[in-house]
Amino acid sequence: MRISLVLAVFTASSALAFPWMTPEGMEALMKHPEAQKEIKRRLEEHVGAQSGTVAPRDPQLGTGLIPGLIDLIGGTLKAVVDPIFGLIPTEDAVRGHKRFPEPEYPFRPPGSTDQRGPCPGLNTLANHGYIPRSGIATVGQIVAGCQAVFNMGADLGNLLASGGAIDGGDILSTKMSIGGPDPRVGILNGALNALLGTPTGIAGHGKFNEGDASATRLDFYLNNGDNIVFQPELFKQMHQAALLKGDGTYSAEAIKYHFKNRYEASRAANKQFYFNLPSAGVVMGAYYFIPGFFSNGTLGANGIANEASITSFYGAKPKDTSPNAWKNPNLEYTHVPERIPEQGWYRRTTPMTVAEAVGGILDVYLYAKPAIGGAGADQGFVAGPALIPNNPQALSCFFYNAIYANFPSELFNTVALVSSVVNFLSSSLVPGYKALGCKVDFPQASGIGSTYRETYEKWALQYTGEAKTKAVGSGWYKKP
Ligand code: HEM
Ligand SMILES: *[C@@H]1O[C@H](CO)[C@@H](O)[C@H](O)[C@H]1NC(C)=O
């Protein structure tokens, strides 16, 4: 009862704010079993936590009076519900310190058919069962897991996980593999395979998620298509950056320095180098995630990503385990499954929103000033978008548009596919868009055919540049 009222108010206000968004899209989100479970859990947690400290507000809700409810939505309850829908969490949404690991989620190494991939965060969640241990998970499961262990805001979780589902998963079941391709996942039962190929998993290269110049994974084209496996040599370089720039900690300064080196090395070595929006944003964002999520406590509030924390989450096992070995820049590592530090670790106390993540991306970007784009067929550099905003708010909006712009324009020849994709994106990404006050200027999705496709292509050029179709490393590269 309480929950359905909350949903009713949300549905109404969101529909008004997004006239172009179909009611079906919003409804799909509201009906999402994982979302509902999470909403219920949070409401219960919230009501429980409030007893004794704040005047009980339940009676108002119980009467079902809409004015009372709106009052609540404008206040504390809003803060609780916000992160679920990806609206910006307020101070009230902070849930304080929480220590991990939790006994209900024991570490277990993955089995032979379990998928693991380029993301140490998701691998850790799967190894502890916060998302299915198989490594095949829905958007809702990933968002809930990232929130539970890392305090990732649902706006950010939805953005990343929806991107994963679009490029490498199945947008109807919202399932994806957190590693490579897997027969347990199929995009629209195969209907999109001709355009997108067999679902690649989140490790799919050059589309939304996976990109070149990663912190500890090699470039797709530099390693025979292996962009998943942890590279001890790259981790060693990151460790050296930590010693040189972070007093031995994996601070923002240290990882920015590591990124600059990685970008230069990749670009020089990789003839199919691809570093374009939106995937370049994901790569730079992932660098910020190292101190942003793996710190013991909150980054910026005494939380530090030290050797113990980083090696555990990355599954980097030092060959020398004597107490001061970490001070040696030539320390070598091997790989073991990713794990929450056994000695204990505190998750950040404030949710990381899209706005914070984009601020982090901007910090990484402005430090290294990497050219955005990719290598062309003639080995020239094909540019990405011409104008990239340099403030987090505008860049966040730009990033959302780049995700829409990153669709294959071929999709617009098929009515059913366009509406599926647009509905899916509308329901998963729009709340974040709204929270940031972005102007939604994605071309109307109701038109089909060549006129619409041309309008779309012109619009998309603005956000992905020519690199999307003309750089050889792009997932959308077309031979002239
Ligand atoms: C919504 C969920 C998430 C998705 C879909 C996702 C996806 C990805 C992908 C595709 C990459 C490869 C990017 C590249 O090419 O460099 C990546 C890398 C990375 N992710 Fe995630 N991620 C998610 C959540 C997280 C979380 C919660 C954390 C931290 C707690 C995290 C930390 C990282 C880090 C540090 C890397 C860089 C790996 C490297 O060393 O190369 N991610 N992630
Ligand atoms: C995190 O901090 C706590 C409290 O200071 C400490 O007990 C624990 O060992 C630290 N964990 C790591 C991985 O550094």
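Every heavy atom of this structure was used, including side-chain atoms; hydrogens, water molecules and symmetry mates were not. Both ligands and their constituent atoms are indexed starting at 1 by order of listing.
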Protein contact to atom 41 (O) of ligand 1 [nearest heavy atom, distance to 0.1 Å]: T216 N, 3.1 Å

Strictly below 4.0 Å, N to O, side chains only: are E356 and R348 in salt-bridge contact? yes

Ring-ring centroid check H335 F230, cutoff 6.0 Å: yes

Note: ligand 2 atoms sitting under 4.0 Å from heavy atoms of N306 are 14 (O)

Would you confirm whether any non-hydrogen atom of the protein falls under 4.0 Å from atom 5 (O) of ligand 2? no

Atom 24 (C) of ligand 1: closest protein heavy atom, distance to 0.1 Å, is M152 CE, 3.7 Å

Heavy-atom distances under 4.0 Å decide this one: backbone, side chain, both or neither, for F313 against ligand 1? neither

To which of P120, A213, G157 does the heavy atom nearest atom 33 (C) of ligand 1 belong? P120

Would you verify whether the NZ or CZ of R267 falls within 45 degrees of the ring axis of F381 while also being under 6.0 Å from that six-membered ring's centre? yes

Taking C-beta and beyond as the side chain, do H239 and Y333 meet within less than 4.5 Å on heavy atoms? yes

Give me the nearest non-hydrogen protein atom to atom 4 (C) of ligand 1 as residue plus atom name, then the distance to 0.1 Å. L122 CD1, 3.5 Å

Say you draw a straight line from CE of M238 to CZ of R262; how long is it, rounded to the nearest 0.5 Å? 10.5 Å

Within 4.0 Å of some non-hydrogen atom of N296, the atoms of ligand 2 are 1 (C), 2 (O), 3 (C), 8 (C), 10 (C), 11 (N), 12 (C), 14 (O)

Give a yes or no on whether the backbone of S177 and the side-chain of Q115 come within a donor-acceptor separation of less than 3.5 Å. no

For the CG atom of L125 and the CE atom of M152, what is their distance to the nearest 0.5 Å? 9.0 Å

Nearest-0.5 Å distance that lies between atom CD in E210 and atom OH in Y274: 12.0 Å

Could you see which bit of A215 sits under 4.0 Å from ligand 1, with heavy atoms only: side chain, backbone, both or neither? both

Determine, using ring centers only, whether W345 and F294 are less than 6.0 Å apart. no

Do any N/O atoms on W345 end up under 3.5 angstrom from N/O atoms on ligand 2? no

Looking only at protein heavy atoms, what sits closest to atom 19 (C) of ligand 1 is A286 CB, 3.5 Å

To atom 8 (C) of ligand 1, the nearest of C119, P291, P118 on a heavy-atom basis is C119

Please state which protein non-hydrogen atom is closest to atom 10 (C) of ligand 1 and give its distance, to 0.1 Å? N209 CB, 3.3 Å

Using a strict 4.0 Å cut-off to heavy atoms of P341, name the atoms of ligand 2 that fall inside it. 13 (C)

Here the atoms of ligand 2 under 4.0 Å from any heavy atom belonging to G344 are 1 (C), 8 (C), 10 (C), 11 (N), 12 (C), 13 (C)

Tell me, which protein residue and heavy-atom name are nearest atom 15 (O) of ligand 1, and how many Å apart are they? G211 N, 2.8 Å

Quick one: nearest non-hydrogen protein atom to atom 7 (C) of ligand 1, plus distance? I202 CD1, 3.7 Å

Please list the nearest protein heavy atom to atom 5 (C) of ligand 1 with its residue and the distance rounded to 0.1 Å. L160 O, 3.6 Å

If I take atom OG from residue S214 and atom OH from residue Y263, how far apart are they, to the nearest 0.5 angstrom? 13.5 Å

Going by the 4.0 angstrom heavy-atom rule, the piece of Y287 near ligand 1 is neither

For the residue pair F150 and Y130, is the inter-centroid distance of their aromatic rings smaller than 6.0 Å? no

